[in-house]
Protein chains: 2
Amino acid sequence: MLTASHRQLLRVISESGPLSRTEMAVALGLSKAAMSGLARDLIDLGVLHEAGTIYGRGRPSIRLDLQPEWAFFAGISLIQDPAPMILCDLGGKVIAQIDMPLSRDPQTIARLIAERLPDLFKAHPHAAAKIGGIGIALSGFVDERQATCIQSTLLNWQGVLLAQIIREHTGIDTFIENDAKAIAVHEKLFGSTRDQQNFSVVSLGDGIGCAHVIDGRLYRGNHGGAGEIAHCTVEPGGAPCRCGKRGCLDTIASMNAIKEMARAEGFACTCLSDIEKIASTGNAAAINILHRAGSALGLAIANLIQMNDPGLILITHTEDGLQGLFGTVMQQAIETNVLPRYAGQTPIRLRRVSSDIWARGAASIAAHNFLIGPNIN
Amino acid sequence: MLTASHRQLLRVISESGPLSRTEMAVALGLSKAAMSGLARDLIDLGVLHEAGTIYGRGRPSIRLDLQPEWAFFAGISLIQDPAPMILCDLGGKVIAQIDMPLSRDPQTIARLIAERLPDLFKAHPHAAAKIGGIGIALSGFVDERQATCIQSTLLNWQGVLLAQIIREHTGIDTFIENDAKAIAVHEKLFGSTRDQQNFSVVSLGDGIGCAHVIDGRLYRGNHGGAGEIAHCTVEPGGAPCRCGKRGCLDTIASMNAIKEMARAEGFACTCLSDIEKIASTGNAAAINILHRAGSALGLAIANLIQMNDPGLILITHTEDGLQGLFGTVMQQAIETNVLPRYAGQTPIRLRRVSSDIWARGAASIAAHNFLIGPNIN
DNA sequence: GACACTAAGTTCACAAAATGAACAAATCAA
DNA sequence: TTGATTTGTTCATTTTGTGAACTTAGTGTC
């Protein structure tokens, strides 16, 4: 089996991509001798493979990387209907994708997953035997063992042992996680922030999600609630939110809220771009909606930067139109509300993502547990 | 010398107080056999001593604890004039306290410290030989090696290698840290939050400081700026702050700001209690100042809770009067701006501290580096 | 007070993990 | 072709930790 040193090595490779044995030895603080043995173990197991040779002065160095086909992971997003189900390899590449009907009943969900799994493996029969785990992304609070959904308003759950139920139905190791936190783990493991030790992800879907990676690990907070930026108050005494309090960011800057405010103004729009278009014609109401939303989101992100000084903010969005007024005002609001000393010091990276991002995040949760181990000290 | 296992053991003891060898073995995940050896090493070195016996069924367990006289630490606060200098032992107990004149010149500071050290040791000559380090608390940004002051507005510094300069003058290992972060380390090492893995400290002195402990370690942020809550915007477009932006918490809720606003109203007051007294007579202007300040601070803390879900918020204050209107409004504002699901889930602990808290924090920085090692991965 | 019972802590032979130094391998530069 | 240079392996040795048996120091009971 894998020792702690093997796990550490896998973590380093997952962070810093293909590395030579010597580089790994330095990164782990081990001798070349120890490294040699660890690498052989993992190559013999089929986890690592030699991927390219770097020529320089002296003996060329052989870069080792993860063998993508060593293990596969299923990821399911329970925040969409139908619920996307994807299969990805150890490199994070999606190799199959299907849908399943969304249910709110844990037993039904588990049964549906078990039923649909064979379809996911249809084109990749070799992957079935090498399945490393199932990951589930959902909206709500999850315990630190990534097994129990403590509470979910959307699914109307309270203390649901979802991971175990799915494990019983499928016989496969299963982990669940909050949607935004799943995206953060995805970005850390497979995305553009692999080598960042401290960053925050803000995910703009229908709602606003946020999660922090601190010291290279997902920070879940003491009750699993870190990153609940959507319910930060940005307009004290503002409009009531479905959470029960007032002036939450969610009521002003989420795509749902923006669209609802636009509909209330009588605009026919189904996406952000529609409203941006109307605003670009000079319509005051549309401009106002977008301006207010952008300022609010920017203020919240600025406060996040002040509070946590992350190395990077990654904003993932599933809608087009972030180059418009909303996005521009947001970026300005960040600039004006961050300590001048900091302004521009924290890169803000915008990335348009497809709506399978949550399923991919879910699969990443499974991959993380399989490869590096649970996210616990 | 001390191995990594010894350090881990010291960390556990510093967190969980006196423990028996068996308890330590469990806490470290080691065998009783390995534990036995580690404990003997540290007892022979004089770091640990047997402190009391617990009788139960079976052989009594002997609790081991740090030997407070094993090492001593000097702490100096550069945020006050005169600058307090304290000497404390490994248990965090202050055994001597003197003042030194505050200077803004690094060389002068180092010289003054070297000159005053003998006075600090006067009543404790045995401590001089056992000095484990010097810690300095200052207002500003410090690098992750706790050696260089990257920037300090108060001291008008930029890139000052203070630790090294003091080391050269005194021959003693020296570390510097931001004031609020020093308090956080103090509370983690010696205070009431020793066993908490995730908490934030909000320190109300003349200004507002804040620092986070995450996964048991001080989280400094990517540029050493984590916890800059004082310059979170709470009133967008509000009054200009000396930092260059507008509506910062610092302009509304710091003791300096409160007193200034009170003076602008023509009140003769030198401390919070004075204004509280005036407000308690029904004076609208005084009530307004305190209400506005309390709401703003409460809002910022609520946003901190939403953002980071800490296990505890410790508010340290050097002034009396936190039981009055300001404190009450603050607590209410926290409650109303936190997700109802969370409300009351995050304990808010208020603690009146004396003004030597920063010097004590500074000494704790030295103690932490000496005992557990640098705060780096 | 003798005896069993319980749990803490120690000892010791052994296993696992990492090291350091010598060495083999694979290239570039002259 | 030769030397320089750097990667990676091998192996004897050291360091670190384990498991099982053992010692120790008490409590509880008859």
Side-chain angles (χ1 to χ4, degrees), chain A residues 1-13 15-67 371-373 377, chain B residues 1-13 15-67 371-373 377:
Chain A
M1 263 303 85
L2 298 185
T3 68
S5 293
H6 290 126
R7 296 279 183 193
Q8 260 186 286
L9 176 54
L10 291 175
R11 178 184 285 264
V12 165
I13 295 176
E15 274 179 7
S16 310
L19 291 175
S20 71
R21 290 167 174 84
T22 308
E23 289 169 321
M24 291 177 188
V26 172
L28 289 177
L30 289 181
S31 63
K32 288 193 297 174
M35 203 37 246
S36 193
L38 291 177
R40 190 176 34 228
D41 296 345
L42 293 179
I43 290 172
D44 288 351
L45 269 172
V47 190
L48 296 183
H49 72 295
E50 304 197 335
T53 312
I54 304 293
Y55 299 93
R57 178 186 313 231
R59 176 172 169 175
S61 68
I62 303 160
R63 307 224 279 175
L64 299 181
D65 204 357
L66 291 174
Q67 179 66 49
L371 195 63
I372 301 178
N377 281 24
Chain B
M1 263 302 86
L2 298 186
T3 68
S5 294
H6 290 126
R7 297 279 183 192
Q8 260 186 287
L9 176 55
L10 291 174
R11 179 186 283 264
V12 165
I13 295 176
E15 274 179 6
S16 310
L19 292 174
S20 71
R21 290 168 174 83
T22 308
E23 289 168 321
M24 291 176 189
V26 173
L28 289 176
L30 288 180
S31 63
K32 288 194 296 175
M35 200 43 243
S36 194
L38 290 177
R40 191 178 32 228
D41 297 344
L42 293 179
I43 290 173
D44 290 351
L45 270 172
V47 190
L48 297 182
H49 72 295
E50 305 197 335
T53 312
I54 305 291
Y55 298 94
R57 180 184 310 233
R59 175 170 169 176
S61 69
I62 303 160
R63 307 227 277 176
L64 299 181
D65 204 357
L66 290 174
Q67 179 66 49
L371 195 62
I372 299 177
N377 281 22

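Lettering of chains follows the sequences in order, A, B, ..., and the numbering in each one begins at 1.
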Problem set entry | For atom NE2 of A/His6 and atom P of C/dA16, their distance in whole Å | 13 Å

Let me confirm one number: the [atom1]-[atom2] distance from [X] to [Y], rounded to the nearest 0.5 Å.
X       : Y       : atom1 : atom2 : answer
B/His49 : B/Leu66 : NE2   : CG    : 8.5 Å
A/Ile13 : A/Leu48 : CD1   : CG    : 4.5 Å
A/Leu30 : A/Ser5  : CG    : OG    : 6.0 Å
B/Gln8  : B/Leu2  : CD    : CG    : 12.5 Å
B/Leu64 : B/Arg21 : CG    : CZ    : 4.5 Å

For this session: Return the minimal non-hydrogen interatomic distance between B/Leu19 and B/Met24, and the atom names on each side.
Result: O-CE, 3.2 Å

Seminar exercise, completed: Heavy-atom nearest pair, B/Ile372 first then B/Arg7, reads O-CD, 3.7 Å

Exercise. What is the per-nucleotide protein-contact pattern of nucleotides 17-27 of chain C, from the 5' end, where B denotes a base atom under 4.0 Å from a protein heavy atom, S denotes such proximity for sugar-phosphate atoms only, and - denotes neither?
Worked result: SSBB---BBBB

For this session: Among residues two or more places apart or on two chains, list those pairs meeting side-chain hydrogen bond (donor to acceptor under 3.5 Å, both in side chains) that have a residue in residues 25-48 of chain B.
Result: B/His6-B/Asp41

Problem set entry | Start and end of the DNA chain D segment that chain A contacts, any atom under 4.0 Å from a heavy atom | D/dT5 to D/dC11

